[in-house]
Amino acid sequence: MPLFEYKNLLKYLLIPTLFFPLLLLSACDQPETNAGIAYTIPEQPEQPTGYNPKPGWATSEFAVAAANPLATDAGYQIIRAGGSAIDAAIAVQLVLSLVEPQSSGIGGGAFILAWDGEEIHAYNGRETAPSAADENLFLDENGNPLPYRDAVRSGLSVGVPGTFALLKTAHENHGVLPWEDLFTPAILLAENGFNLGPRLHSLLDSDDALKNDEIARAFYFDEDGNALPAGTNLKNPAYAEILRNVAQDGISAFYQGNVAADIVDRVSSHERPGVISEADIAGYPALDLRTEVMCNDWREYEICGFPPPSSGHIAIMQILGILDELELAEEALVDSIPSAEWLHQFMEASKLAFADRNQYIGDPLFVEAPAGNWQSMLNSDYLADRASLVTDVSMGTAEPGNPGDFYSAYGVQIQQPESGTSHISIVDRDGNAVSMTTTIESGFGSRIMSDGGTGLAGGFLLNNELTDFSLTPTDDDGNPIANRVEPGKRPRSSMSPTLVFERESGEFVASVGSPGGAAIIHYTAKALIGMLDWGLNAQEAIDLPNFANFNGPSVLEEGYFSQTIIEALEAMGHEVDVRALTSGLQAIQRTEDGYFGGADPRREGVVMGD
Ligand code: GLY
């Protein structure tokens, strides 16, 4: 591999390792071939976890940004081999499922936005509830919701995986390289082994449920039940076998036969079994995954995002729209830290957005949009009306509004924990752009692993996406919750894959998104404001401290905000909660010379490109 390809990657890796010997744990420089492309397994220096400053990466022809260097590199090599942005995204996803299994994978689901130079295409690979699931799925024998942790760590939480059907649909529409070639990096890494990263190690170490799964225990833990150390060369023969079959025979090798049977077996033999069936799994590829992108004007930009079942784009655009209706805080940013006055406005706008989200948003195949159109929630008169509720003091908690003068019979869902996920941004040599956010929901999903019926070590993790539904079907007054469980329905999401364009010229401006549960909305909004309003580059915008409000306390990222800011917010009536807010933003911006990419210093992501 030419040195140039690694210049930026090494820069990133060397910064945090300056004071440590650079451990080259494996260096396989010779190209290995699987299908039609040459793929070189990259060197895998051990990386520290925690906060690792990232330089930002300037490229001239294309750029790939993902949450793990091996995944980014797979996308990079695919584009170098002549692949499109979607080809690269497929290779990235298949590697992420191996090296960042806690966040996303073939046992989960994802959303893709794809810009082909003329049109934006939206593909919905969200998991579905099994046909035997109903609104009482998460209620115990007394009709009470299960504790959230118990609901997550169960067969009940597993939705029908959408990732492979999504990748296939995107490839049919935007792929250039043969389908099977895109599997080469992941198969070879699974067969030859990858170096288990520090982040994966520390998450394995701190998880007390995954080792209860016999397949996961044998694969990720030693005989004493200790997480395998960082740097372990981990092979995943079961995953390699599954990928080989899907590469050769298509996605029916996942949705039918041994893999589907094993998913059902693993879920139904859990001590808290789920209700997924082989027919549910076999039925997923027949779904039409195409959906309408939502695009909205903001200043001189058109910001495009994912419609329901995601709440992401609507909430982000409500926040941005409400902020624009307010008299601007005198100083928004002081020494790269948002001011108390600006944070107050952002927190209040977020409360209003989350109040609406919790009442209205659900799978559009089951839930009617307010006034018949989701755009009613972003109507400028409506947002002006909502902004008029923001004063100089905290409103405490916000009530939902009535977009389009629509009065909803739905109850308001209470805020439930959400977490996990991974984000991929890519622009290829032709200027095609992808923004893809992908998930198995919480870290390690349902904590159920399938070897796909191969009988080999390893495999893939099954999602707990169904806990993104409301655990209770009704509110305290008995009104149905829009986001309650129904058979075949997709749970509401916060994932916010976003593409930005110049309104006048239609030129691509940026691709951005993040993991982080419901805080995905705040993280992505922060990055958009940083890049589009405050004139920061993608890396500077990502580096900004995080802040969030889910219609309750105002949450500030630990270690950034002064006591003066905290006290100023408290004086305005905010309950302030200071804690870790671990975003995993990835973004690529178009520049005069090409592209500039940023990756979140809070995680292991990098950007590569020529
Ligand atoms: N499971 C993360 C999300 O969909 O928002």
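Counting convention: from 1, in listed order, for ligands and their atoms alike.
- Aromatic rings of H171 and Y123 (six-membered ring for Trp) have centroids beyond the 6.0 Å cut-off, not under it.
- Residue, atom and distance of the protein heavy atom nearest to atom 5 (O) of ligand 1 are S494 N, 2.7 Å.
- Taking the six-membered ring for Trp and thresholds of 30 and 60 degrees, H522 and F354 have nearly parallel ring planes, at less than 30 degrees apart.
- The protein heavy-atom contact nearest to atom 4 (O) of ligand 1 is S493 OG, 2.6 Å.
- Note: F406 and Y360 have tilted aromatic rings, judged against thresholds of 30 and 60 degrees for the angle between ring planes.
- Residue E465 has at least one heavy-atom neighbour below 4.0 Å for each of these atoms of ligand 1: 1 (N), 2 (C), 4 (O).
- With a 4.0 Å cut-off on non-hydrogen atoms, R126 touches ligand 1 through its side chain and not its backbone.
- Aromatic ring centres of F547 and F346 lie closer together than 6.0 Å.
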